[in-house]
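This is a predicted model, so every value here is computed, not measured. Just so it is clear: chains get the letters A, B, ... in the order the sequence lines come, proteins before strands, and each one is counted from 1. Note that these values count all heavy atoms, side chains included, but never hydrogens, waters or copies made by symmetry.
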Amino acid sequence: EAQVTQNPRYLITVTGKKLTVTCSQNMNHEYMSWYRQDPGLGLRQIYYSMNVEVTDKGDVPEGYKVSRKEKRNFPLILESPSPNQTSLYFCASSLTGFYGYTFGSGTRLTVV
Amino acid sequence: GDSVTQMEGPVTLSEEAFLTINCTYTATGYPSLFWYVQYPGEGLQLLLKATKADDKGSNKGFEATYRKETTSFHLEKGSVQVSDSAVYFCALSNTGNQFYFGTGTSLTVIP
């Protein structure tokens, strides 16, 4: 089944403790992206990648890192999480972007 | 910068009612426009899209027409069902990798 898989689905962590949210797609898509969803703000793009080793900042990249060492994986790294990064995170992938993105099921992160 | 403005929700309709969710955009160039739907507890799913002016995207009874003169991409459905209850997001992209989403409109359809 074609899908984008994120892990974990739920995560509660403490301020400052490094964490990684994994994202993997099995559709051989070039484009991948991370978003955060917050009430009243919709989805905001954190980082995107157009291919292996090619990444760029979205609208809200502060406090996040990404890497794209393989086409299928696009992990999101929070080096020192803070409470304002409590949010619902989505990974998405697409063949070209203009075809539309396939989204993962989301990761609900709480930083206390 | 590029942006999308959606009508505020929540919207509550009776089954078989007509649905319109307004979406207007601000963008340089000629963006592609999208509607995504999010069911409870799930990620977003592409509902329909349009890539140039006057294009009409359609899927599952939903339609939206790309109106460049009014910079709009309103979502419509002639007869909603309970199963259409979800949050709907309008989005645009000029590049295929940078996307701008609206804040979402929650729709509840009651029997």
Side-chain angles (χ1 to χ4, degrees), chain A residues 1-7 9-10 21 23-25 27 29-51 54-61 66 68 74 87-108, chain B residues 1-10 21 23-27 29-52 55 57-60 62 64 66 73 86-106:
Chain A
E1 180 189 353
Q3 61 186 355
V4 176
T5 303
Q6 291 178 234
N7 280 296
R9 286 295 306 274
Y10 301 93
V21 183
C23 173
S24 180
Q25 50 94 3
M27 297 166 280
H29 284 169
E30 304 280 343
Y31 289 62
M32 297 188 75
S33 190
W34 275 103
Y35 295 87
R36 59 178 290 173
Q37 184 178 15
D38 301 291
L41 296 176
L43 274 82
R44 292 177 293 167
Q45 196 168 25
I46 303 171
Y47 269 95
Y48 59 89
S49 169
M50 290 180 285
N51 211 329
V54 180
T55 63
D56 210 344
K57 297 177 181 179
D59 280 339
V60 289
V66 293
R68 188 92 182 272
F74 191 46
S87 187
L88 179 59
Y89 291 87
F90 288 101
C91 181
S93 74
S94 177
L95 191 59
T96 71
F98 290 116
Y99 279 111
Y101 276 76
T102 300
F103 280 75
S105 298
T107 295
R108 186 164 291 283
Chain B
D2 294 354
S3 66
V4 172
T5 302
Q6 278 181 246
M7 67 183 277
E8 300 244 345
I21 300 178
C23 171
T24 57
Y25 67 90
T26 300
Y30 303 94
S32 292
L33 302 174
F34 304 82
W35 277 101
Y36 280 84
V37 58
Q38 184 179 33
Y39 298 102
E42 299 183 12
L44 279 71
Q45 301 175 25
L46 178 66
L47 182 59
L48 54 85
K49 63 180 172 72
T51 56
K52 62 183 188 298
D55 266 3
S58 61
N59 186 25
K60 299 181 182 179
F62 291 89
Y66 188 163
F73 192 55
V87 180
Y88 293 82
F89 291 90
C90 186
L92 71 81
S93 180
N94 262 310
T95 60
N97 47 48
Q98 279 187 290
F99 273 73
Y100 299 91
F101 283 82
T103 54
T105 302
S106 175

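A 6.0 Å sphere centred on CD of B/Glu8 holds no more than 12 heavy atoms belonging to other residues, nucleotides or ligands. Annotation: A/Arg108, atom CZ; neighbour count of heavy atoms from other residues, nucleotides and ligands within 6.0 Å does not exceed 12. No more than 12 heavy atoms of other residues, nucleotides or ligands lie within 6.0 Å of OH in B/Tyr30, so this atom counts as exposed by the packing criterion.
Using a 4.5 Å cut-off between heavy atoms, A/Gln37 touches chain B through its side chain atoms alone. Using a 4.5 Å cut-off between heavy atoms, B/Asp2 does not touch chain A at all. With a 4.5 angstrom heavy-atom cutoff, A/Tyr31 touches chain B only via side-chain atoms. Only the backbone of A/Leu41 has a heavy atom closer than 4.5 Å to any heavy atom of chain B.
Here the two rings, on A/Tyr35 and B/Phe99, have centers that are 6.0 Å apart or farther.
Of the listed residues B/Tyr36, B/Phe89, B/Tyr100, the one with more heavy-atom pairs under 4.5 angstrom with chain A than any other is B/Tyr36.
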How far apart are the C-alpha atoms of A/Asp56 and B/Asn97, what are their side-chain angles, what is the distance that settles it, and do they pass the side-chain contact (heavy atoms from CB on, under 4.5 Å) test? CA-CA 9 Å; A/Asp56 210 344; B/Asn97 47 48; over 6 Å; no

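If you take OG on B/Ser93 and OH on A/Tyr101, they are separated by 7.0 Å, rounding to the nearest 0.5 Å. Residue A/Phe90 holds its CZ atom at 6.0 Å from CG of B/Leu44, rounded to the nearest 0.5 Å. Between the CD atom of B/Gln98 and the CE atom of A/Met50 there is a distance of 8.5 Å, given to the nearest 0.5 Å.
Shown here for A/Phe98 and B/Phe34, the closest heavy-atom pair between the two residues is O-CE2, 3.7 Å.
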